[in-house]
Amino acid sequence: MKNVRELFSELDDWKAYTPASTMSSIAKLNHISSLEREIKNRIDVEDYKDYILSKEGNRSLES
């Protein structure tokens, strides 16, 4: 099983990939969605609650 760091690395690689065909483009989007879903399932939101809320506060100040 891959750790979260490896998943993020793979996600970055797939986002940088330039598909050569429509089917490759669809596969790229599906793979990115799958990786994002797996990362979200592995991260405990409670561990990052303060960080997330501070970012949300910063966004409201920028608006």
Side-chain angles (χ1 to χ4, degrees):
M1 181 181 276
K2 296 179 182 179
N3 63 35
V4 176
R5 181 177 303 275
E6 291 170 328
L7 292 171
F8 272 114
S9 177
E10 187 175 345
L11 179 63
D12 290 340
D13 291 345
W14 274 98
K15 285 184 175 181
Y17 170 70
T18 305
S21 68
T22 302
M23 290 305 292
S24 295
S25 181
I26 292 169
K28 173 186 173 179
L29 293 175
N30 287 337
H31 201 76
I32 288 172
S33 294
S34 173
L35 286 168
E36 288 175 341
R37 195 170 33 256
E38 187 172 349
I39 290 168
K40 288 175 187 174
N41 288 336
R42 296 281 233 32
I43 294 175
D44 184 8
V45 175
E46 287 297 318
D47 290 344
Y48 300 96
K49 178 181 175 181
D50 293 334
Y51 175 76
I52 293 167
L53 292 175
S54 73
K55 288 299 234 182
E56 185 178 73
N58 289 341
R59 286 191 191 134
S60 65
L61 293 175
E62 293 173 2
S63 298

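Because the structure is a prediction, the values reported are computed rather than measured.
The side chain to side chain donor-acceptor pair (under 3.5 Å) search around K28 returns none, not counting sequence neighbours. For the ring pair (Phe, Tyr, Trp, His ring centres under 6.0 Å) test, residues two or more places apart in sequence or in another chain that qualify with Y17 are W14.
Atom CG in D12 sits 10.0 Å away from atom CD1 in I32 (nearest 0.5 Å). Considering CZ of R5 and CD1 of I39, their distance stands at 12.0 Å, rounded to 0.5 Å. Separation of atoms CE (M1) and CZ (R42) is listed at 5.0 Å; rounding is to 0.5 Å. In this structure, the separation between NZ on K15 and CG on L35 is 9.5 Å, given to the nearest 0.5 Å. Within the model, atoms CD of E36 and CZ of F8 stand 9.0 Å from one another, a figure rounded to the nearest 0.5 Å.
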Go through it in stages, so that I can follow the logic: the residues are N3 and E6, the test is side-chain contact (heavy atoms from CB on, under 4.5 Å), and I'd like the CA-CA distance, side-chain angles, deciding distance and then a yes or no. CA-CA 5 Å; N3 63 35; E6 291 170 328; 3.3 Å; yes

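A donor-acceptor contact shorter than 3.5 Å is absent between the side chain of S34 and the backbone of N30.
In terms of heavy atoms, P19 sits closest to S25 at CB-N, 3.5 Å.
Hydrophobic clustering places L11 together with Y48 (ILVMFWY residues linked when any side-chain heavy atoms are closer than 4.5 Å, directly or through intermediates). By the criterion of side-chain heavy atoms lying less than 4.5 angstrom apart, applied directly or through intervening Ile, Leu, Val, Met, Phe, Trp or Tyr residues, Y51 is not grouped with L53; the two fall into different hydrophobic clusters.
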